[in-house]
Amino acid sequence: MSGFSPDWLRLRAPLDAAARSKPLLQRFARSLPRPARLIDLGAGTGATLRAVAPAIGGEQTWTLIDNDPALLGAVEREMSSCGWGALRTSDGMEFSSTQCHVQAKLYEANLARSIEDLTLTQADAIVASALLDLVSEAWSWRLAQHCAAFRRPLYLALSFDGRLSWTPDDPRDDLVRCALLEHQRRDKGFGSALGPDAARVMGEHLDRLGFDVAGAESDWHIRPQDGEMQHAFLAGIHAAACEQAPQFVDDIEAWAALRRRQIEKGVLNVTVGHQDLLAYPPPFSRA
Ligand SMILES: C[S@@+](CC[C@H](N)C(=O)[O-])C[C@H]1O[C@@H](n2cnc3c(N)ncnc32)[C@H](O)[C@@H]1O
C-alpha cells in the first residue's frame, strides 16, 4: 500500500493530461522506434500509458512497474473505464484504443532497491509521471547513470516544482506552502525526497552525463468546477501542513476552513507548478 489511492490517481488524471506539455510529448513520441518498447516507473493504475501510448500510436510494448499491488491490480479496471479494450493474455495484458495496441506486463517491485536491475536492453525509453518528486537525490543520480550506461532516453513528466498559488489569495498561503514544501522533502521510501527540486536536480544530473535535456512547465489549473479534486487536494495539503508545522495548527485550520467555504461557493482557483523533462543520451537526436 503506497498511500496513493486509485481514487486520487483517477481524480488527478484529467488534470495531468491537460497539464502535460504537448510539444514535449509529441517530440518524445516522434523520436521512438516502432514498435516502441517502454518502461513506466511508478506506473500506478496506468495513467501514463493512457496519456502517452495514443501519442505514439500503433503497436507498442509497455512494462508497468510499481510497488503497490493494489494499484497494479486496478490497471485493468481503469483502462476499461477509460474506454480502452482490455484483455488478459498468458503473460500479461493487451490494451487497445483507436490509436494504438499495447502489450503490457505489470511488475510489482520496489524501485528504491532495484533500479540497476532494470533490463534496459529490452526498452527504447524510460517514462515516469509524478514519481521524481518522491525520490532522493542519490536515487535520481543512480537512475540517470543507469540510463546513461544503456544510452536510453527518459521522459519524466509532472514533477511538482514548489509553485502553488490560490485565487483569491490569503495571507496564510505562504505559511501553508512552506510547510508543504518541507513535508515534500520527507523520506518517501527512497531517502530524503527531492520534492520541489526534483526536475531541476534530475535535469542537472542528466546534463552532466551528456544528455540533451529539454524541460517545460506542466502546471495544474484546478478550477471551481473541479470541486471534488479541489476538496481532495486541499485535504492532502491541510494534513501535510498540520503534520509539518503543528505550532501553526490554528492558522492552518482557519485557512483550510476558509478554502473549503470558497470551494463550496465555487470561487476558488488553484495553480500547482509542475515540470516535464525529456532527455536524450548523445547518440539520439531529437526529432
Ligand atoms: C503520484 S503516484 C503516480 C502514479 C502514476 N504514474 C500516475 O501518473 O498516475 C506515484 C506512484 O509511484 C509509486 N511508487 C512510490 N514509491 C515506489 C517504489 N519505491 N517503488 C515502486 N513504485 C513506487 C506509487 O505506488 C505510485 O503509484
Side-chain angles (χ1 to χ4, degrees), residues 1-6 8-9 12-13 16 28 36-53 61-75 78 92-93 102 104-160 183-206 209 211 213 274-279 281:
M1 178 62 197
S2 64
F4 297 97
S5 71
W8 166 248
L9 297 184
R12 63 170 290 161
D16 284 342
F28 174 60
R37 303 166 304 165
L38 297 109
I39 295 179
D40 182 5
L41 305 180
T45 58
T48 305
L49 190 161
R50 288 189 290 282
V52 173
T61 62
W62 282 66
T63 304
L64 272 54
I65 303 177
D66 206 284
N67 65 344
D68 187 335
L71 296 180
L72 291 175
V75 169
E78 291 299 319
M93 305 275 314
V102 175
K105 289 199 168 73
L106 279 53
Y107 286 116
E108 185 188 331
N110 180 357
L111 290 165
R113 280 198 220 116
S114 56
I115 191 66
E116 285 82 8
D117 295 343
L118 284 180
T119 37
L120 297 187
T121 47
Q122 287 161 35
D124 300 307
I126 304 303
V127 301
S129 305
L131 176 76
L132 211 51
D133 34 34
L134 307 179
V135 311
S136 65
E137 174 152 13
W139 189 90
S140 64
W141 176 242
R142 281 167 56 197
L143 174 63
Q145 280 187 306
H146 194 49
C147 290
F150 285 86
R151 312 194 92 83
R152 291 297 185 269
L154 293 116
Y155 169 58
L156 305 171
L158 296 154
S159 307
F160 176 53
H183 197 276
Q184 290 270 313
R185 293 191 171 93
R186 289 184 175 199
D187 186 344
K188 310 288 190 309
F190 295 83
S192 294
L194 285 170
D197 302 321
R200 179 185 57 76
V201 169
M202 189 58 165
E204 287 169 5
H205 289 335
L206 293 165
L209 291 166
F211 280 72
V213 184
H274 289 96
Q275 301 286 327
D276 291 355
L277 272 186
L278 178 58

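Sequential numbering from 1 along the given sequence is applied to the chain's residues.
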*I would like to know whether L206 and L154 meet side chain to side chain contact (heavy atoms under 4.5 Å, CB included); could you show each step before the answer?*
CA-CA 9 Å; L206 293 165; L154 293 116; 3.5 Å; yes
_Worked verdict on V75 versus L106 for side chain to side chain contact (heavy atoms under 4.5 Å, CB included)_ = CA-CA 9 Å; V75 169; L106 279 53; 4.0 Å; yes
*Output, in order, the C-alpha distance, side-chain angles, deciding distance and verdict of side chain to side chain contact (heavy atoms under 4.5 Å, CB included) for R200 and Q275.*
CA-CA 9 Å; R200 179 185 57 76; Q275 301 286 327; over 6 Å; no
*From CA spacing to verdict: side chain to side chain contact (heavy atoms under 4.5 Å, CB included), V213, L277*: CA-CA 7 Å; V213 184; L277 272 186; 3.8 Å; yes
*Take R185 and D197 through the test salt bridge (charged side-chain N to carboxylate O under 4.0 Å, His left out) and record every step on the way to the result.*
CA-CA 9 Å; R185 293 191 171 93; D197 302 321; 3.4 Å; yes
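Taking CG from L156 and CG from L278, the interatomic distance works out to 9.0 Å, rounded to the nearest 0.5 Å. Here L120 contributes atom CG and H146 contributes atom NE2; the two are 4.0 Å apart, rounded to the nearest 0.5 Å. Taking CG of D68 as the start and CZ of F4 as the end, the distance is 9.5 Å to the nearest 0.5 Å. Separating the CG atom in L194 from the CE atom in M202 is a distance of 9.0 Å, to the nearest 0.5 Å. To the nearest 0.5 Å, atom CG of residue D133 and atom NZ of residue K188 are 8.5 Å apart.
No donor-acceptor distance shorter than 3.5 angstrom exists from the side chain of S159 to the backbone of A130, with no hydrogens or angles considered. No donor-acceptor pair closer than 3.5 Å links the side chain of R142 to the backbone N or O of E116. A side-chain donor-acceptor contact under 3.5 Å links W139 to the backbone of L111. Between the side chain of N110 and the backbone N or O of N67 there is no donor-acceptor pair closer than 3.5 Å.
Judged by distance alone, the side chains of Q145 and W141 do bring a donor and an acceptor atom under 3.5 Å apart.
F150 places none of its side-chain heavy atoms less than 4.5 Å from the side chain of T119. Contact annotation: the side chain of D187 never approaches that of S192 to less than 4.5 Å [non-hydrogen atoms, C-beta and beyond]. In this structure, K105 and M93 have side chains that are not in contact, with every pair of non-hydrogen atoms separated by 4.5 Å or more. Side-chain contact between D276 and L158: present, with at least one pair of heavy atoms (C-beta onward) separated by less than 4.5 Å. Residues P153 and I126 have side chains not in contact (no heavy-atom distance under 4.5 Å, counting atoms from C-beta outward).
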Output a table of donor-acceptor pairs, distance under 3.5 Å, between side-chain atoms of residues 36-49 and any protein atom two or more places apart or on a different chain; print 'none' if there are none.
residue	atom	partner	partner atom	Å
R37	NE	D124	OD2	3.2
R37	NH2	D124	OD1	3.0
T48	OG1	S129	OG	2.8

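Residue H205 comes nearest to S140 through the heavy atom pair NE2-OG, 3.0 Å, listed as atom of the first residue, atom of the second, then distance. L72 and Y107 get closest at one heavy-atom pair: CD1-O, 3.4 Å.
The number of heavy atoms from other shown groups lying within 6.0 Å of CZ (R113) does not exceed 12.
In this pair, F28 and Y155 present their aromatic rings parallel. The plane angle is below 30°, not in the 30 to 60° band.
When the side chain to side chain contact (heavy atoms under 4.5 Å, CB included) test is applied to A109, the partners found at least two apart in sequence or on another chain are I65, S114. Every residue meeting the side chain to side chain contact (heavy atoms under 4.5 Å, CB included) condition with A148, not counting sequence neighbours, appears here in chain and number order: L209, F211.
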